[in-house]
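Some notes on the structure that comes next.
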Amino acid sequence: MRKFSAFAVAREAMRSHKGWEKQWANPEPKSSYDVIIVGAGGHGLATAYYLASVHGITNVAVLEKGWLGGGNTGRNTTIIRSNYLYDESAGMYNHAVKLWEGLSQELNYNVMFSQRGVMMLTHNVHDVQVAQRHLHANRLNGVDNSWVTPEEAKEFCPPLNISKSVRYPVMGAALQRKGGVARHDAVAWGYARKAAAMGVHIIQQCEVKSVNRDESGAVTGVNTTRGTINSKKVGVVAAGHTSVLMDMAGVRMPLESYPLQALVSEPVKPIFPCVVMSNTVHAYISQSDKGELVIGAGTDQYTSYSQTGGLHIATHTLEAICEMFPIFARMKMLRSWGGIVDVTPDRSPILAKTPVKGLYVNCGWGTGGFKATPGSGHVFAHTIANDEPHKINAGFTLERFHNGRLIDEAAAAAVAH
Amino acid sequence: MLLIYCPYCEKELPEIEFHGEGEAHIERPANMADLSDEDFEKFFFIRENEKGIVFERWRHLHGCGRFFNAARHSVSDKFIKTYKAGEPKPKLTKKEIEAVLPPAKSTPANEPIWTIEKEGEKK
Amino acid sequence: MVEAQRTHPLQDRLYAGNGVAVTPVKFHDRVSLRADKEAIAGLGKAIGVALPKDIRTANTKDEVSALWIGPDEWFVIGPQGTGLEEKLNKVKTGLFSVVPIGHRNTGMFVSGKNAVAVLNAGCPQDLSLDAFPISACTRTIMGKAEIILWRKDEHRFHVECWRSFSNYVWKHLTEAARCI
Amino acid sequence: MTAKSPNTGANRVAGKGRLSPAKTATFTYDGKSYNALEGDTLASALLANGIHLTGRSFKYHRPRGILGAGPEEPNALMDIARDKARRQPNVRATCQEVFDGMVAKSQNRFPSLEFDVGVVNDALGRFFPAGFYYKTFMWPQKAWDKLYEPIIRKAAGLGDSPDEADPDHYANQFAHCEYLIIGGGATGLMAAKTAAKSGKRIILVDENAEIGGGLLSDASVTIDGKSGSDWAAEILAELKSYDNVKVLSRTTAFGYYNHNMVTLAERVTEHMANPPAEMPRERLWQVRAGKVILATGAIERHLVFADNDRPGIMMASAAGVYLNQYGVTPGKNIAVYTSCDSAWTVAFDLKKAGINIPAIIDLRKDIDETLIKRAEDLGIRVLKHHGVVSTKGRLRVKSIDVEPVDGVSSETIDVDCLLMSGGWTPSIHLFSQSRGRVKFDEDAGIFLPDIYTENCVSIGACNGTFEMTAALNEALKSVEGKGKAPKVADAVSMSGFKIGAAKSAGPDDFTKAFVDFQNDVTAKDIRLAVREGFQSIEHVKRYTTNGMASDQGKMSNMHGLAIAAEMLDKPIPEVGLTTFRSPYTPVTFGALVGHNKGELFDVTRTTPMHECAVANGAVFEDVGNWKRAWYFPKAGEDMQAAINRECKMTREVAGIFDASTLGKIEVVGPDAVKFMNMMYTNPWDKLGVGRCRYGIMCREDGFIYDDGVVARLAEDRFHVTTTTGGAPRVLNMMEDYLQTEFPEWNVWLTSTSEQWAVIAVQGPKAREIIEPLVEDIDLSNEAMPHMSIREGKICGVPTRLMKVSFTGEAGFEINVPADYGREVWETISERGVPMGLTPYGTEAMHIMRAEKGFIIVGQDTDGTVTPQDAAVGWAIGKKKTDFVGIKGLNRPDLVAEGRRQLVGLKTIDGKVVLEEGAQVVDDPNHAIPVPMIGFVTSSYWSEVLGHSIAMALVENGHSRTGETVHIPMPDEVIKAEICSPIFYDPQGGKVNG
Ligand SMILES: Cc1cc2nc3c(=O)[nH]c(=O)nc-3n(C[C@H](O)[C@H](O)[C@H](O)COP(=O)(O)OP(=O)(O)OC[C@H]3O[C@@H](n4cnc5c(N)ncnc54)[C@H](O)[C@@H]3O)c2cc1C
Ligand SMILES: NC(=O)c1ccc[n+]([C@@H]2O[C@H](COP(=O)([O-])OP(=O)(O)OC[C@H]3O[C@@H](n4cnc5c(N)ncnc54)[C@H](O)[C@@H]3O)[C@@H](O)[C@H]2O)c1
Ligand SMILES: Cc1cc2nc3c(=O)[nH]c(=O)nc-3n(C[C@H](O)[C@H](O)[C@H](O)COP(=O)(O)O)c2cc1C
Ligand SMILES: [Zn+2]
């Protein structure tokens, strides 16, 4: 892998950029691999990369039905934070943030991780109680998070309307300064490039159609639109499509797949310096390096694999945006789209072994898994390599749904994303 | 915004009058008290989450208030039919299913072309 | 001791302009009536107007009206002091539930040539005469509030909502009227 | 209005165009004042005044001019203002009509449009290939957000965001019709005319100010023997006479959603000099159509060649529009570079208007002889099978170099304007949004509608039917019309096309040949992306950002696709299109928000006694949609002082509280008890008529879902109360079970939350205060014990009077029909206040219930707490064989050791009030992460007890009474003792007064 650098760009400029190599190859699938990862999203690619870099397992195929990074990774609003309530979550997301901090250098790919701060607004007494509970738990878990007054919030985010006369005045906010955003595409591409360089096969346009198992029930491989590919270890990292894939192996999942929409405005000069989210009025917003306001909407109320949803969901969010930031009412929506989010009953992910020998699953990230990408890939690689969960994902099991040991970020009134 | 036929109001009405109520045909076990943990998990947590024909519950919350069921394709988001609560899961005809199959989008990256066989595979 | 008087949630309100008038409906008796098949006929007799079997329609006799809301649900409205509750509870045949909601609900009339346009600013239903003829009624949405919509005439509608939503619904209707 | 006979520009062509020279308007552009004709777009007005230069490009800051005449415009994006607050960036000068007093500014330049320091990016352009930022700015690690990112951000972004709240308002309209016809060109009009007679409801929309589409700019065509524009005008007049037809101009269909919902953005006042205050600026239409007729036409493509982006280089069809519609010529010496017939017609029109046409350069070998003949007759030089290989001129094109397609000898031609045409791309945006599937037509080089998934049809140019007669026949058919289309003569031919790189943009050229103008994507960038392994068109799009600008690639996508396909050596359809998404053109947030702002942003619910609280100087808190009186500060009192007084007075004398927001459900029917037994953990059989009981409701998972007091009014009638926030979801859950699990049970549910105003009168003097106001009810403890209900009268109106207490004091909750609430409250106050009756708010209520250890669902529980955890296990009917939650409750983890259980906490230093949400630990000195064993759910200063009180969920709390735990705060560690949560009147004698 030839190194990326300002110097390399200058050198290539001199020969009109003829010298760049492919960032990843498009190999024909081999007949078998040590590990198959299903799904070339951020989490799948990261898993493959850490299998290679941490565990020395490079005979790995990542199978992708479409184009790599084209799932939720390629359509998310890229909010990164770790101020979750429960110890398990804090452990997972904090682990991820640590990895984010060095990721561009580690991958030699600028993922534009920008710690501009994530501010979560409170609008009523209950919001404040919930925020305080998070703040105290975060502090004792070593997670950065602090309380700011409406005035401090305004200073941190000038477009914010803190007038007392609005319908739901801002009563303060929880601010995680280490939180921020990253460039979604770059994350997928960076992992793909480095993983490919270490020998991982990324096979696109290759849809897994069924999962093969021997008489003992153990996994032996998968049938794809590009033929049968064997492996004793298969990791499913298919987000919205997890139920479909696990079904192929006879495992039923506690998941539902909903459309989640987002939209961007036309690009403007820097106006919005951070990330702001509000659970009570349902909106979250940031400004990308290209200048668009990136705005996340909610899920539609029915399950769907269509990557589209109703306009009323997006407008509901824009109402909240214009209420909190009245100066944006004359901005224009440039494009809207949807993804398919896999939602668990307790809104926490599943990263675990399954009842089927050799089958591993990483799913249930729902509306908020982009932030976890490096951490998730890192511990999932560990789980596959050692057939044993890492202590960070030990709690994110499938069993919790029959013993009831849920990690209920939803019930604890945590917010999405 | 979907258009949903309410089998009680006997009319196609806008989605915002309705409330999605999740997967249909999950009966509450009569012996709830002594259900096994596995069976409770199946009942309360496990979902079909079908990519294809889904059977789901709706409530005409801001209308007649009735709960009812629907058969819908979860990729085209088109309804095959809606039917009253308590009615058995309908057997869908080939014709009914074909009518709601989504065509592939033209980009090769996107969904494969849907065929009746694909539905057939599903138990 | 002086008897406490009612306070109308839309006291002293009035809007007229742009081909629409919005006016509060004065105090009425209202009942949420739920009944099984056997009871229907008797209940109708009791209040002097048959409970409509036709979906989404209202029957009116004298000043008492019964609106079809759901398969076993009717909204009955009559002038204050009609004694709807008492009359209905006298019925002996069939099973039913009578719950007075005269104070839960508040009404307003929307009338004029632009009435439909004003309603459709927040109500997603097709309100053309074919889809929603005279004396049609339905529970539906007005912006972010639930309402009962009842067409009294081509250009005259009766809108019902819960009292704490009435200010919102009023504001929505009048704001829409301004924008016509 | 402006001066006597204002000069509206040197480039007006006498006798051309459709605007009345009488009406003029004045506007400023970059500070300089100009005149325009009313009806001018900003673009036509600028061109009339000889201005091409309108902006700087995104990345290289290259000077850019007006390229098109419609919504596809990538370059001429302006900042348009009426006044300081009414300013909008990135407005297309080609769509925005000039109004008198309009202030327009160019964007993305510093310090000025003519001299922009950003151009260094252009000189250094080769250092900024596609995706360069992914490859650099990585060292040192910290420098990204601190140093590089701010620079990149400053350079990126087009206009400046508005900086003041938008004073305008916007409207929404739901509409239904049998036919929604999108596009008011020849085909759309034909369809509308035909359908109108059917009497069906028809909506015809067009994004332009004037309806007529291509016809308006077509000088030659005749239909029915009339000029195209006259024919259009006649139909329009006819349509206006039908009241089943609605015609909306300035209205863009921007989204095609499920089940034939199409959304329209109507620009209502943006063209007016003084919009009436009442009028909305824009209106959002949400149209549910029986059938959608797509007559959206086609958009002309540019040609991809070296330096094809200089100001003065523009689309041929645009020049046709400016000349024939606005009477403006874009230049005096105009060459035409094309691969499509329609551009020839434009050349002829210009020539006839007296403009010099040095040459028509056509890439094609064989060209329709009649075109060549007409060119010769007009004395226009024709360069067959030639291409433009370079252009000169910094702020405006000066000259072009022309070469035979397969030759080298180049010739320089001086021009002040160059028109180009790469042929037409059908507007299939909306069709694709409807999730229809397209197919590729090799011969015409266009994607066309193939499989439809909604009830819609494409007709005319958007269906690839460029021949007008055929298009009109499609229109007839689309609405089940009979007969034949009117006779068409001299229609413009639109055949001939070029997609991808033309000569001088080839693989081995070092030039900048632009594919996407706004995002500065060149042919080179597309090739680089493919070379680097970005083989999916979706990857190419994202790596180069081709088609991601505010024009969404209306002109560039086909070129990008063709260049990528060539590199990949794959046929175009195999590479495929990127996904079309809503909106078709950008839509103002305000329009999407519509009425739902300010007062209408969300419902504000107030209780019947709200005005009484206001009169008492209440401070309100938001609880869901409700405004609830939080506390009642007297002059000079802060919150703490007020609530201390409210608690004290209530406990010593009496307090009055508005509890109307509590949810109420009337459960009626012979099976009511059976139903209650299923819904609540409690048993209900033994609850006598006239008695009340506190009930707990779980979900099947066994966690507390809601609670409330339930009163039995009759054998078959219960008055159920729920939490304020829980009311709707509890009723929904009850209905769910009733309708879907137990439909055979005879019981009905009705929400009575708002039927009853609820006035709580609590405290030692409560009875004394209300007794004289009550009729037909004996209030004595014997006749009416704690937890009972009676029906009778108060203040002469019916009441459901409950003897219940959420404060621990003897007290009543008086339910009266809501409209009476206000006067009943006032009457009670008139009598009680002199005796010391004190209004108290939700905060005092919270304190007093906490002093009694009563939980608040949602504060002391969070959806992970079982009745046992919350110390209300007694509310579970031990003998019951079924109720919602009976299994969930007994799952392994819910009965396991170490669950968090609700306890009281007494701080060792009673003056210290714990913070709600503070975490409880055993070992405060433990290194981070510190194991947490619970948290504080409720905490208050208790004035009555003289010390702080708190409730907390603590691991194994129920068996740890008396033990000391630690609550670490940022600056200190607080010690507290685990105790019973019942702090006040543990024996509970007070409720009996
Ligand atoms: C609109 C939106 C906004 C969001 N905002 C945020 C946010 O702000 N912050 C945050 O942290 N998270 C956010 N999320 C969630 C986040 O995007 C996801 O949790 C995360 O990207 C999941 O990554 P993944 O790699 O697991 O899934 P994906 O990126 O979806 O990858 C799964 C891949 O599996 C492939 N696949 C599926 N089936 C098959 C098959 N049969 N064979 C082969 N391949 C298959 C898919 O094509 C896909 O590429 C958002 C999501 C959406 C949709
Ligand atoms: N300038 C020309 O020579 C020219 C241009 C177009 C069409 N034609 C010919 O004229 C005949 C009929 O043309 P047509 O009617 O198919 O196309 P048209 O271009 O004449 O009309 C299409 C109209 O639809 C409008 N439109 C497009 N998308 C819209 C949207 N989303 N919302 C609202 N309005 C929208 C356009 O502004 C345009 O006014 C065809 O034979 C075609 O070949 C000629
Ligand atoms: C953070 C972020 C920023 C985006 N910015 C733009 C943009 O500036 N312009 C644009 O056309 N699309 C933008 N998109 C949307 C993509 O074009 C595309 O809609 C999205 O990746 C979903 O893919 P699909 O629409 O092809 O299904 C952005 C997407 C994300 C996640
Ligand atoms: Zn209904």
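These numbers were taken from a predicted model, which means no experiment stands behind them. Per chain, numbering begins at 1; letters A, B, ... match sequence-line order.
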What part of Leu13(B) gets closer than 4.5 Å to chain C, counting heavy atoms only: side chain, backbone, both or neither?
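The side chain, not the backbone.
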Using only non-hydrogen atoms and a strict under-4.5 angstrom cutoff, which residues of residues 39-48 of chain C touch chain B?
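Answer by number: none.
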Residues of residues 15-27 of chain C near chain B, each having a heavy atom less than 4.5 Å away:
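From residues 15-27 of chain C, none sit under 4.5 Å of chain B.
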Can you name the closest pair of heavy atoms from [X] and [Y] and give their distance?
| X | Y | value |
| --- | --- | --- |
| Ile141(C) | Ile16(B) | CG1-O, 3.9 Å |
| Cys64(B) | Gly70(C) | CB-CA, 3.8 Å |
| Cys9(B) | Ile55(C) | O-CG2, 3.4 Å |

Strictly by ring-ring contact (aromatic ring centres under 6.0 Å, His included), give each pair with a member in residues 97-126 of chain C just once, sequence neighbours left out.
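The answer is His103(C)-Tyr820(D), Phe109(C)-His158(C).
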Anything under 3.5 Å between chain C and chain B that's a donor-acceptor pair? List each one with its distance, please.
residue, atom, partner, partner atom, Å
Gln125(C), NE2, Glu17(B), OE2, 2.6
Arg139(C), NE, Gly63(B), O, 2.7
Arg139(C), NH2, Gly63(B), O, 3.0
Thr140(C), N, His62(B), O, 3.3
Thr140(C), OG1, Glu17(B), OE2, 2.5
Glu146(C), OE1, His62(B), ND1, 2.7

